[in-house]
Amino acid sequence: MEVMTFNIDKDRRNLVDDKQNFNIDFHDSKYNWLQARQYEESMRQVEVHVVHGDGSPVDLTGVNPVFEGWLPEGVYRIVDAKHSVMIDAQNGIFRFDFPAPAFQIAGSYKQAFFRLMKDGKSVTTLEFSLDVMADKVISDLVPSDYITPFEDLYSKLKDYLTNASGNFDTAMTQWKKDVADLVTNLNADVGGINLTITEIKTQLSALEDKIKADGLLTQAEFDAQIKIVNKNISDALAKLEHPVPVDSSIIIGGPISADEKNALDKLRSTVDTSKFNLLFLNDPHYGMQSDLMNYGPRYGINHLNTALYLDDLVNVIVTGGDNIDGHLDSYAGLMSDEKNYALEFIYGSPNHADKFALRGNHDDGTLRLRNYRKGIQPSPDYFPETISRNEFNNHFQNGQLLFGEQRQEGGTYFYKDYPDFKVRLIGLDSNDTPEDTKASDGGVNYPGINYMGYSQKQMDWLANVALQNVPEDYVTIIMAHVQATPGQYDDDLTDPMQSHYTNQKQVNQIINDFKNGQSSVVTNNVKDWEINVKTNFVQQGKRDMAAWIHGHLHYEESTTSNGFNDISCISSIPYTGFNNGSKNGGWSLFTLDRDNRKLKITGYGMATNRSFSY
């Protein structure tokens, strides 16, 4: 049996040059190694010794060793939490028995190491060289991912079907419970695997329908459907490389403290679920470069945890723009495939509430572009990338209409009706800039960090789709990142350092036509922002609008000067640089009281309780 020794304090390797074509140079005596031949099973074992920097053993009591490997062809993965045997925990010794799927493909593993799990936390060993020699005599394994203990679950399903004597419903009910229990246990055990049950349920439903339609379960049908489920599991694993918090209420960022939980429990006890409830969280500014007054650069994202704690009580949770900060490469943490917090927000909780993300003036990353052009630091040494509207939609999967909303071509703006509460909810893209107009350097001509506004296309949609066919007894709520109050430089676009809200007053005109049941022609001739929109709400008649809800300013204020409630909400980030900004951040829970024609706000964190008549 091969003996491997890992020093978790002193083992070190150089970073790879190319993360896409990942290759480690194992030509060094410090690396452990193992060779095996294809299709070996169970008898290929290694004895693993884990030591500290001074050579003393690491106490592995309560530790579950997990083997993680990336197979030679760079497609399939092994995550095996099943085949380790603790030999002498106090002296840091365990044995690992490699399963046959570990030796499916001949060649050198891209990466192989052990992850030592305990109480939801982990530490990893250095990689070891794992070579699989070809077996030309037999070849009966089809390459696939091998992720324990899901493989055990598949075998269980076959047993359930056999023992249920043909009662498919009984077998599937028990197996679905096992899947749910497993995912719950993984959240407290195997960091690095964050799976939602949503996709699993979808595939199980398809399998169930197929078997019921055919009246029998064939091995071929079973294997084909299980292969789809397995791929969904491995795809989820590939996207998520960070540990899953133990607390099931925590989805993103740091843990909810005991004080926060007490405050949230008190707030939960006040939620009237017989009314429409909208939780509006804005301006988390993930990736902000400053220390944020010692709170750390993830503080704003942490507030998503507290918001999602109310997922089962509210109807909608909205992140109201500036989801990222847009400094340097800060967008990578939120928007990349490596750590897609966008998808975690959408899928990472029980999903009672609809979840929508609005675009803010930081979400396109053009702060870097503006600073680059003006020679302001910090700015990169290369021409900075920006995030297009389509990329934003892709990351938040807007085109899939996950919550039954209506969008124009999968766009960044939407509306949805809630018939049980007689509410139409509209979300606008207040950074609907003309991306097709380019500057001489090839970048966008209107960096969204300072150029905000609305296109002809979106305003046509607002006037002729989103605000049409609204039932007489409905109340409309509109959300956007920026305020409805027009600015001083909306039509004078010459200064790239001023904030421009082009076509905002024209949007307000459309809304007031809607409220008053009238018609007009809405125009603007500013170059590249030209609009000509005809409104006609005469036949529909007057309609109620409770409020325009927004972030962007980072502090609370309100006005009715635009003909409707224009309500600004506190930012979730703790420091803003504005004199009236919040020091600790928070979010606002809006409850619609139709009987008294009021929109009530319950504040969390530094947000305050407020009430508005409409």
Side-chain angles (χ1 to χ4, degrees), residues 267 270-283 307 310 313-321 353 356 358 415-418 421-428 430 462 466-467 470-486 501 504-505 507-517 542-572 580-582 585-614:
L267 193 156
T270 69
V271 177
D272 184 351
T273 56
S274 69
K275 295 180 171 61
F276 180 77
N277 290 285
L278 161 69
L279 196 158
F280 192 81
L281 177 148
N282 54 278
D283 297 87
L310 272 69
L313 296 180
V314 303
N315 304 101
V316 189
I317 300 177
V318 175
T319 58
F356 302 117
L358 304 179
Y415 82 87
K416 181 177 177 179
D417 285 341
Y418 294 85
F421 303 97
K422 299 181 178 180
V423 170
R424 175 164 294 188
L425 184 67
I426 299 175
L428 297 181
S430 56
L462 177 65
L467 291 176
V470 178
E472 185 176 3
D473 56 351
Y474 269 45
V475 177
T476 297
I477 299 173
I478 299 180
M479 308 170 297
H481 178 63
V482 305
Q483 65 275 13
T485 303
Y501 306 100
Q504 182 63 60
K505 60 185 177 183
V507 168
N508 295 350
Q509 183 178 342
I510 293 173
I511 293 173
N512 281 298
D513 284 354
F514 162 75
K515 285 189 61 187
N516 298 321
K542 295 181 179 181
R543 292 293 182 265
D544 282 333
M545 176 176 158
W548 173 290
I549 300 170
H550 68 91
H552 184 54
L553 300 180
H554 290 212
Y555 55 83
E556 293 180 346
E557 71 169 18
S558 63
T559 180
T560 57
S561 62
N562 303 301
F564 46 83
N565 289 316
D566 180 5
I567 304 172
S568 176
C569 297
I570 208 167
S571 63
S572 68
N580 47 357
S582 163
W587 42 255
S588 301
L589 174 63
F590 290 80
T591 301
L592 183 66
D593 182 356
R594 295 175 53 89
D595 294 338
N596 296 297
R597 294 181 60 84
K598 289 186 179 295
L599 188 63
K600 298 180 179 179
I601 299 178
T602 303
Y604 175 76
M606 296 300 290
T608 62
N609 296 340
R610 296 181 282 169
S611 181
F612 299 89
S613 299
Y614 64 87

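Taking CG of Leu358 as the start and CD1 of Ile549 as the end, the distance is 10.5 Å to the nearest 0.5 Å. Asn512 CG to Lys505 NZ: the interatomic distance, rounded to the nearest 0.5 Å, is 14.5 Å. Separating the CG atom in Leu279 from the OG1 atom in Thr319 is a distance of 11.0 Å, to the nearest 0.5 Å. With rounding to the nearest 0.5 angstrom, the CD1 atom of Ile426 is 9.0 Å from the CG atom of Asp417. Here the straight-line distance linking atom SG of Cys569 with atom NE2 of His554 works out to 12.0 Å at 0.5 Å rounding. Atom-to-atom distance recorded for Thr476:OG1 and Lys422:NZ is 13.5 Å, nearest 0.5 angstrom.
Two residues are said to be in side-chain contact when any heavy atoms from C-beta on lie closer than 4.5 Å; Val475 and Phe276 fail this criterion. Looking at heavy atoms from C-beta onward, Arg610 lies in side-chain contact with Ile567 at the 4.5 angstrom threshold. Within the 4.5 Å cutoff, the side chain of Phe564 has heavy atoms near those of the Asn508 side chain. When side chains are defined from C-beta on, Tyr604 does not count as touching Leu310, because their heavy atoms never get closer than 4.5 Å. Proximity of Tyr415 to Leu467: side-chain heavy atoms (C-beta onward) are nowhere separated by under 4.5 Å.
Evaluation of the side chain to side chain contact (heavy atoms under 4.5 Å, CB included) rule for Asn609 yields Thr602 as partners, not counting sequence neighbours. In this structure, Phe590 has no ring pair (Phe, Tyr, Trp, His ring centres under 6.0 Å) partners at least two apart in sequence or on a different chain. The side chain to side chain donor-acceptor pair (under 3.5 Å) test applied to Gln509 returns Ser520, not counting sequence neighbours. By the side chain to side chain donor-acceptor pair (under 3.5 Å) test, Lys416 is found to be paired with Asp354, residues two or more places apart in sequence or in another chain being considered. Residues passing the side chain to side chain donor-acceptor pair (under 3.5 Å) test with His550 are Asp566, sequence neighbours excluded.
Using a distance-only test at 3.5 Å, with no hydrogens or angles considered, a donor-acceptor pair links the side chain of Arg543 to the main chain of Val470. The main-chain N or O of Thr591 is never found under 3.5 Å from a side-chain atom of Asn277 such that the two would form a donor-acceptor pair. For Glu556 (side chain) and Thr608 (main-chain N/O), a donor-acceptor pair under 3.5 Å exists by modelled atom type.
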request  = Applying side-chain contact (heavy atoms from CB on, under 4.5 Å), run through Tyr501 and Thr485 and close with a yes or a no.
outcome  = CA-CA 9 Å; Tyr501 306 100; Thr485 303; over 6 Å; no
task = List the steps and the verdict of side-chain contact (heavy atoms from CB on, under 4.5 Å) for Leu428 and Ile478.
result = CA-CA 7 Å; Leu428 297 181; Ile478 299 180; 3.9 Å; yes
query = Could you go step by step and tell me if Asn315 and Leu278 meet the side-chain contact (heavy atoms from CB on, under 4.5 Å) rule?
reply = CA-CA 6 Å; Asn315 304 101; Leu278 161 69; over 6 Å; no
message = side-chain contact (heavy atoms from CB on, under 4.5 Å) for Trp587 and Leu589? Distances and angles first, verdict last.
response = CA-CA 7 Å; Trp587 42 255; Leu589 174 63; 4.3 Å; yes
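Here the closest heavy-atom approach between residue Asn282 and residue Gly551 is recorded as ND2-CA, 3.4 Å. For Gly320 against Phe280, the heavy-atom pair with the smallest separation is CA-CZ, 3.7 Å. Heavy-atom minimum distance, Asn562 versus Pro486: OD1-CD, 3.7 Å. Ala353 and Ile317 make their closest contact through CB-CG1, 4.0 Å (heavy atoms, listed as atom of the first residue, atom of the second, distance). Heavy-atom minimum distance, Tyr614 versus Leu592: CE2-CD1, 3.8 Å. Residues Asn565 and Ala546 approach most closely at ND2-O, 2.9 Å, considering heavy atoms.
Residue pairs satisfying the salt bridge (Lys or Arg N to Asp or Glu O under 4.0 Å) criterion with at least one member in residues 585-596, sequence neighbours excluded, are listed as follows: Asp593-Lys600.
More than 12 heavy atoms of other residues, nucleotides or ligands sit less than 6.0 Å from atom NZ of Lys515.
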